[in-house]
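In what follows, a structure is listed as structure tokens, so that the remarks can point back to it.
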Amino acid sequence: MFYSEDTIEQVRSENNIVDVIGDYVKLTKKGSSYFGLCPFHNEKTPSFSVSPHKQMYYCFGCGEGGNVISFLMKYENYSFTEAMEVLANRAGITLPKQEYSKAKKQEQDLKSKIIEANTEAAKYYYHLLMSKRGQTAYHYLRGRELDDETITGFGLGYSDKYSDNLYNYLKEKGYDDNLLKETGLFTFDEKRGVNDKFWNRVMFPIMDANNRVVAFGGRVMGDAMPKYLNSPETKVFNKSHTVYGLNKARKARENYFIVCEGYMDVISLHQAGFTNAVAALGTSFTSGHASLIKRYVDEVVLSFDSDEAGTKAALRAIPYLRDVGLKIKVLNMDPYKDPDEFIKELGKEDYEKRIKNATNFFIFEVGAKQKEFNLHDPQEKTQFHNEVASMLLEFKDDVERKNYIEAVCNEFDIPKDGLESLVKSKALTYVEKDKKYEEKKFVSKEQKKESASVGAGRILLACLLDNPSIFSKVKAVISPEDFGDEFYVSVATKFWEQMEEGKPNPASIMDQFTDEDEHKKVAALFVSPISHELGHDELERAINDSVLKIKKDSLERKAANAKEINELQDLMKQQKELEKVYIKL
């Protein structure tokens with residue numbers, strides 16, 4: 001779908017990038033920008049920068065960058081049109097009705113047809129479950145104490161023991177192989193032909209928040225492996241951004257979600273009346289899951305398996321949930337393994353009591369850490385106290401940290417004075433380490449990856465954006481053509497035009513490029529890692545060094561291609577004149 005530049009700019013400018021990204025990433029203000037953990041790669045120290053002034057984001061760790069539109073496209077796997085529609089609705093803007101381009105229409109049609117085929121598959125699986133051919137699967141589910149209302153409500157089904165059953169059914173319905181390949185429901189092999197991915201399994205349709213069937217999970221009824229099998233990722237299914245049961249839990253009246261590990265846990269809890277239960281999809285919990293949950297609630301109760309694997313899964317999930325600002329508690333299900341087993345043995349009322357008495361996430365983390373040490377050994381006991389002190393440094397707010405120190409000391413019988421002293425000592429050490437790490441990460445690492453000329457351009461454009469008063473002095477020395485590379489010349493030309501009009505807007509420059517890599521390059525150009533870190537004199541020196549580097553490289557390129565002696569003499573004269581150039585802030 002085509003939108004005019006004015007429409008795109010209106011949608012972009014009326015959606016503050018800090019507010020939008022803040023719904024997905026926990027951001028902390030640092031200077032004039034905001035920082036958080038990058039949602040596009042795993043990291044422990046925030047390197048993901050969001051600039052309200054520039055209306056752009058950039059990760060100094062992985063290089064992802066863009067504006068508010070490209071963020072939604074990347075994070076939600078939206079098309080440009082889908083991102084525009086979401087942001088327009090968010091800002092209360094009515095988009096002009098446009099015709100889809102042929103390519104976009106084909107893309108939208110394909111997604112719709114995949115969901116349509118999935119829906120047909122779900123109906124077929126349900127039909128088989130309720131037929132004589134599905135009696136084994138049906139009795140398996142009833143043996144797990146699921147009633148007919150629950151089975152129907154979750155659309156549970158059965159994939160037949162014949163490995164081409166669903167394929168033949170959908171072919172009869174008129175679906176062609178090109179589409180069926182896109183569903184992820186089949187394997188296509190030149191020698192073996194086409195086979196259903198799922199066969200002789202209990203089937204769990206996976207729905208998105210809008211009740212659309214985007215994928216499936218299948219469980220064996222015996223001891224075969226793998227026990228659970230999920231659809232591969234497709235154009236409508238992203239495991240890291242899909243939460244099982246969300247389509248139902250989002251309608252619950254509770255202000256928290258119960259987060260489980262598996263399908264059966266969610267279904268059993270819903271049947272028992274806990275309609276706010278959800279689960280990740282056969283994969284480790286991710287920032288995508290956390291951000292999706294945060295849209296609907298402010299608190300979660302983790303109800304993972306009580307074994308060692310479940311404890312590790314909870315410990316991995318907690319940081320992601322914290323990063324998006326969710327309150328977290330951990331439910332203790334001992335002596336039972338999982339919610340499904342607990343509900344069957346003790347019932348709804350006891351589970352409700354466990355929810356009310358759920359453990360604070362940090363007390364749970366410390367408790368898990370304590371199990372790694374023999375507290376009867378003074379040396380190991382000291383190590384444990386040191387580990388706890390390091391963990392407490394996660395809390396940046398002094399009042400919050402003091403409250404947790406007090407709670408931990410009471411819970412684990414640790415001397416308060418000693419723990420406070422340890423925390424204070426470690427805090428001073430970490431400040432120095434963080435300072436050195438920040439200097440290295442935000443300057444050296446990125447600059448080494450770039451050519452000196454591109455690095456100079458990056459510093460100059462970012463500094464011009466923050467110091468527009470020097471533009472007239474800079475343009476007297478260099479022009480966009482001096483940036484060399486065709487892409488950078490194009491960006492500089494657009495930026496020069498904006499600066500001439502007194503309306504610098506790098507986020508709108510990005511809208512004029514469609515390629516994701518180009519978005520990253522534009523973002524990198526206007527987010528210098530040092531533009532906010534330098535004092536007046538250092539900044540002035542950096543600007544002059546950048547201007548001279550860009551101009552010298554430009555003159556050298558021209559000299560290499562010069563064919564006339566007069567042209568060479570003129571270039572040599574310009575090089576000599578550069579010695580007199582010095583731009584004052």
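Note that the numbering runs from 1 along the sequence shown for the chain.
- In this structure, Lys327 places its NZ atom where only 12 or fewer heavy-atom neighbours from other residues, nucleotides or ligands lie under 6.0 Å away.
- Residue Leu465 comes nearest to Pro506 through the heavy atom pair CD2-CG, 3.7 Å, listed as atom of the first residue, atom of the second, then distance.
- Formation of a donor-acceptor pair under 3.5 Å by the Asn211 side chain with backbone atoms of Met207 is not found in this model.
- Atom NZ in Lys551 sits 10.5 Å away from atom CD in Gln575 (nearest 0.5 Å).
- Between Asp323 and Lys26 there is no salt bridge, since no side-chain nitrogen of the basic residue lies less than 4.0 Å from a carboxylate oxygen of the acidic one.
- Taking the charged nitrogens against the carboxylate oxygens, Lys549 and Asp553 do have a contact shorter than 4.0 Å, which makes a salt bridge.
- The closest donor-acceptor contact from the side chain of Asn544 to the backbone of Arg541 lies at 3.5 Å or more, if one exists at all.
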For a side-chain contact (heavy atoms from CB on, under 4.5 Å) check, start with the C-alpha distance between Asn386 and Leu422, then their side-chain angles and the critical distance, and finish with the verdict. CA-CA 7 Å; Asn386 270 282; Leu422 270 176; 3.4 Å; yes
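- Panel note: side chain Arg90, backbone Asn15; no donor-acceptor pair is recorded below 3.5 Å.
- Distance CD/Glu182 to CG/Leu110: 5.0 Å, rounded to 0.5 Å.
- To the nearest 0.5 Å, the span separating CG on Leu72 from CG on Leu87 amounts to 4.5 Å.
- Tyr57 and Glu64 share no donor-acceptor pair across their side chains, judged by distance under 3.5 Å alone.
- The aromatic rings of Tyr24 and Phe71 sit perpendicular, their planes meeting at an angle over 60°, well past the 30° parallel limit.
- Checking side-chain atoms of His241 against main-chain N and O of Tyr75 turns up a donor-acceptor pair under 3.5 Å.
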Carefully, step by step, assess Leu392 and Phe362 under the rule side-chain contact (heavy atoms from CB on, under 4.5 Å). CA-CA 9 Å; Leu392 283 160; Phe362 190 73; 3.6 Å; yes
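- For the pair Lys521 and Tyr488, the cation-pi test (distance below 6.0 Å, angle within 45°) is passed.
- No side-chain donor-acceptor contact under 3.5 Å links Thr234 to the backbone of Gly184.
- Using a 4.5 Å cut-off on side-chain heavy atoms (C-beta onward), Leu464 and Trp496 make contact.
- Neither side chain, Ser112 nor Asp109, offers a donor N or O lying under 3.5 Å from an acceptor on the other.
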I would like to know whether Glu372 and Lys369 meet salt bridge (Lys or Arg N to Asp or Glu O under 4.0 Å); could you show each step before the answer? CA-CA 6 Å; Glu372 299 176 15; Lys369 179 61 67 176; 3.5 Å; yes
Steps toward side-chain contact (heavy atoms from CB on, under 4.5 Å) verdict (Phe285, Ile293): CA-CA 12 Å; Phe285 203 87; Ile293 289 170; 3.9 Å; yes
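- When all heavy atoms are compared, the tightest approach of Lys584 to Ile470 is O-CG2, 4.0 Å.
- The shortest heavy-atom contact between Val25 and Pro39 is CG2-CG, 3.8 Å.
- In this structure, Lys473 and Val581 have side chains that are not in contact, with every pair of non-hydrogen atoms separated by 4.5 Å or more.
- Rounding to the nearest 0.5 Å places CG of Asn467 at 11.5 Å from CD1 of Ile583.
- Side-chain atoms of Asn210 do not come within 3.5 Å of backbone N or O of Arg212 as any donor-acceptor pair.
- One side chain, Gln574 or Asp570, offers a donor N or O that lies under 3.5 Å from an acceptor on the other.
- The closest donor-acceptor contact from the side chain of Thr242 to the backbone of Asn238 lies under 3.5 Å.
- One N or O on the side chain of Ser546 and one on the backbone of Ala542 form a donor-acceptor pair closer than 3.5 Å.
- In terms of heavy-atom proximity, Met499 sits nearest to Pro504 at SD-CB, 3.6 Å.
- Remark: side-chain polar atoms of Asn67 are paired, donor with acceptor, to backbone N or O of Ala507 under 3.5 angstrom.
- Without hydrogens or angle criteria, His289 side chain to Leu321 main chain gives no donor-acceptor distance under 3.5 Å.
- Atom CZ of Phe483 sits about 12.0 Å away from atom OG of Ser490, to the nearest 0.5 Å.
- Just one residue in the list Glu9, Gln55, Lys54, Gln498 forms a side chain to side chain donor-acceptor pair (under 3.5 Å) with Asn505, and that residue is Glu9.
- Glu500 and Lys475 are joined by a salt bridge, as a carboxylate oxygen and a charged side-chain nitrogen come within less than 4.0 angstrom of each other.
- Here CG of Leu180 is found 10.0 Å from CD1 of Ile114. Values are rounded to the nearest 0.5 Å.
- Met84 approaches Ile8 most closely through the heavy-atom pair CE-CA, 3.9 Å.
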Check the pair Glu365 / Arg322 against salt bridge (Lys or Arg N to Asp or Glu O under 4.0 Å), numbers first and verdict last. CA-CA 13 Å; Glu365 288 180 316; Arg322 281 194 67 197; 5.4 Å; no
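- Glu486 CD: 12 or fewer foreign heavy atoms inside a 6.0 Å radius.
- Phe60 and Tyr58 have perpendicular rings, their planes meeting at more than 60° on a 0 to 90° scale where under 30° would count as parallel.
- Contact between Val297 and Leu326 at its shortest, heavy atoms only, is O-CD2, 3.3 Å.
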Output, in order, the C-alpha distance, side-chain angles, deciding distance and verdict of side-chain contact (heavy atoms from CB on, under 4.5 Å) for Phe237 and Asn118. CA-CA 11 Å; Phe237 176 51; Asn118 285 343; over 6 Å; no
